[in-house]
Number of protein chains: 2
Amino acid sequence: MKKDVLKLENQICFPIYLCSKEIIRKYTPWLKELDLTYTQYIVMMYFWEKEKSNVKEIGNTLLLDSSTLTPLLKKLESKGYITRDRSKVDERNLEVMITDKGKKLKAKALSIPEKMGKCIDLSEEEATALYKLMYKILMNVERNDG
Amino acid sequence: MKKDVLKLENQICFPIYLCSKEIIRKYTPWLKELDLTYTQYIVMMYFWEKEKSNVKEIGNTLLLDSSTLTPLLKKLESKGYITRDRSKVDERNLEVMITDKGKKLKAKALSIPEKMGKCIDLSEEEATALYKLMYKILMNVERNDG
DNA sequence: TACAATTAATTTGTATACAAATTAATTTAA
DNA sequence: TTAAATTAATTTGTATACAAATTAATTGTA
């Protein structure tokens, strides 16, 4: 009896997809207190490390299409967390910069990683192994295409 | 110097989110040949195992909200892969059933898991470890809520 | 047995996601 | 030096996702 390769149970991608969704669902109420969605939170984390950037750079780091970022960044701008201005050097580029309000938001987010950590509840070794596997897959998947 | 818990690099959820997205992106062109999206593919895999179901059952298995499934199932119906009919026993339930055309689609999908496996490119041990970790997280995250 | 509570699916509203087409600015090359 | 090619961001179109509200059917109970 040959193994059914299309059985859901035999898929490795399916649980990754589920995990991603469930984790984001878990974040949602915590992020709601900061008036952020998960993707907006990722973008804010990016700006807590890097004061100034542009759409292309953000997209390269977060693996988000510019067409996803454009409305998202407008949203963050409307909340006062970032500014959006065309570069004077090259007007094709949009300079995106975090505001003071955006920087202050970080303090409110400080408790979230620990809460999520408790929720995920992996040992140090498990988390490290998972981390490595995820980046290995990312590397491999990206190997051949753009 | 204390570790910055909000650094993107220190997040375990972020690479899971990236992996999920990148894997789905990788599936897309292969599934396009079957006229399926990734979520539609998941639902079809479900029906390749279970001929008949309903919205609630599908949602419980695939962790998809009924409001996501309603339009998706209508789409699969319009492609002729499933049928949708109110149960005569309890008209609240929608009986969803795979068609012959839907069953035949499986043959065309048979090569996809191997292609994706090559793309992910993990050893047997790595894949097993990852699989276990994903289901552990799913279990843990679901522990407290509904 | 009516009426309240529950249940299943749908609708509505908001926010991703990404491919493809478009726009506008800059660079390359004939 | 100007037309073609490239580049960055936006717009458009389609498809998830899920919470909250709604609708319709069934069940529980006073």
Side-chain angles (χ1 to χ4, degrees), chain A residues 17-32 34-44 53-60 62-79 82 84-96 141 145-146, chain B residues 17-32 34-44 53-60 62-79 82 84-96 141 145-146:
Chain A
Y17 160 75
L18 292 185
C19 259
S20 175
K21 279 199 311 167
E22 290 306 293
I23 286 170
I24 290 171
R25 204 176 53 74
K26 197 79 190 180
Y27 269 120
T28 302
W30 303 335
L31 293 175
K32 198 163 190 173
L34 316 198
D35 191 23
L36 290 178
T37 63
Y38 180 68
T39 317
Q40 290 167 11
Y41 173 58
I42 295 290
V43 172
M44 288 312 296
S53 190
N54 58 60
V55 177
K56 190 182 170 63
E57 251 184 6
I58 303 168
N60 285 342
L62 307 183
L63 304 188
L64 285 169
D65 196 88
S66 62
S67 59
T68 301
L69 283 169
T70 293
L72 189 148
L73 293 172
K74 283 180 182 171
K75 204 88 200 183
L76 288 178
E77 184 189 36
S78 78
K79 296 182 203 224
I82 59 163
R84 297 166 65 256
D85 294 286
R86 287 285 167 185
S87 163
K88 267 158 201 150
V89 183
D90 184 340
E91 290 205 13
R92 288 174 302 181
N93 291 283
L94 190 78
E95 283 181 359
V96 187
V141 169
D145 58 31
Chain B
Y17 160 76
L18 292 185
C19 259
S20 176
K21 280 199 310 168
E22 290 305 294
I23 286 171
I24 290 172
R25 203 176 54 74
K26 197 78 189 182
Y27 268 120
T28 302
W30 302 336
L31 293 174
K32 197 164 189 173
L34 315 199
D35 191 24
L36 290 178
T37 63
Y38 180 68
T39 317
Q40 290 166 12
Y41 173 57
I42 295 290
V43 171
M44 287 314 295
S53 188
N54 59 61
V55 177
K56 189 182 171 62
E57 251 184 6
I58 303 167
N60 285 342
L62 307 183
L63 304 189
L64 284 169
D65 196 88
S66 62
S67 60
T68 301
L69 282 170
T70 292
L72 189 148
L73 293 172
K74 283 179 182 172
K75 203 90 200 180
L76 288 178
E77 184 188 36
S78 79
K79 297 181 202 224
I82 60 163
R84 296 166 66 255
D85 294 286
R86 288 285 167 183
S87 164
K88 266 157 201 150
V89 184
D90 185 340
E91 290 205 12
R92 287 173 302 182
N93 291 283
L94 190 78
E95 284 180 359
V96 187
V141 169
D145 57 32

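Atom set for the values below is all heavy atoms of this structure, side chains included, hydrogens, waters and symmetry mates excluded. Proteins come first, then strands; the chains are lettered A, B, ... in the order of their sequence lines, and each starts at number 1.
Using a 4.0 Å cut-off between charged nitrogen and carboxylate oxygen, A:R25 and A:E22 count as a salt-bridge pair. Ion pair B:E91/B:R86 not flagged as a salt bridge, since none of the NZ, NE, NH1 or NH2 atoms sits closer than 4.0 Å to an Asp/Glu carboxylate oxygen.
You'll find that the side chain of A:K74 is closest to D:dT11, out of C:dC18, D:dT11, C:dA17. Residue A:T39 has its side chain nearest to C:dA17 when only D:dA15, C:dA9, C:dA17 are considered.
For B:K56, no side-chain nitrogen or oxygen approaches OP1 or OP2 of C:dA9 to under 4.0 Å. Put simply, B:R84 has a side-chain N or O that comes within less than 4.0 Å of OP1 or OP2 on C:dT10. Checking the phosphate oxygens (OP1, OP2) of C:dA17, a side-chain nitrogen or oxygen of B:Y17 falls inside 4.0 Å. Regarding contacts with the backbone of D:dA9, a side-chain N or O of A:N93 is found under 4.0 angstrom from either OP1 or OP2.
Between B:T37 and B:S87, the residue anchored closer to the 5' end of DNA chain D is B:T37, taking for each the nucleotide with the nearest heavy atom. Two residues, A:K88 and A:L63, neighbour DNA chain C, and the one matched to the more 5' nucleotide by heavy-atom proximity is A:L63. Sequence order on DNA chain D of the closest nucleotides to A:D90 and A:K21 puts A:D90 first from the 5' end.
For the atom pair OG1 of A:T68 and CG of A:L63, the computed distance is 11.5 Å after rounding to the nearest 0.5 Å. Rounded to the nearest 0.5 Å, atoms CD1 (A:I42) and CD1 (A:I24) are 8.0 Å apart. Summarising the geometry, atom NZ belonging to B:K79 is positioned 10.0 Å from atom CG belonging to B:L34; distances are rounded to the nearest 0.5 Å.
Under the rule for a ring-ring contact (aromatic ring centres under 6.0 Å, His included), the partners of A:Y27 that lie at least two apart in sequence or sit in another chain are A:Y38, A:Y41.
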request  = Summarise protein proximity over nucleotides 19-24 of chain D in one line of letters, 5' to 3': B for base, S for sugar-phosphate only, - for none, counting protein heavy atoms closer than 4.0 Å.
outcome  = B-----
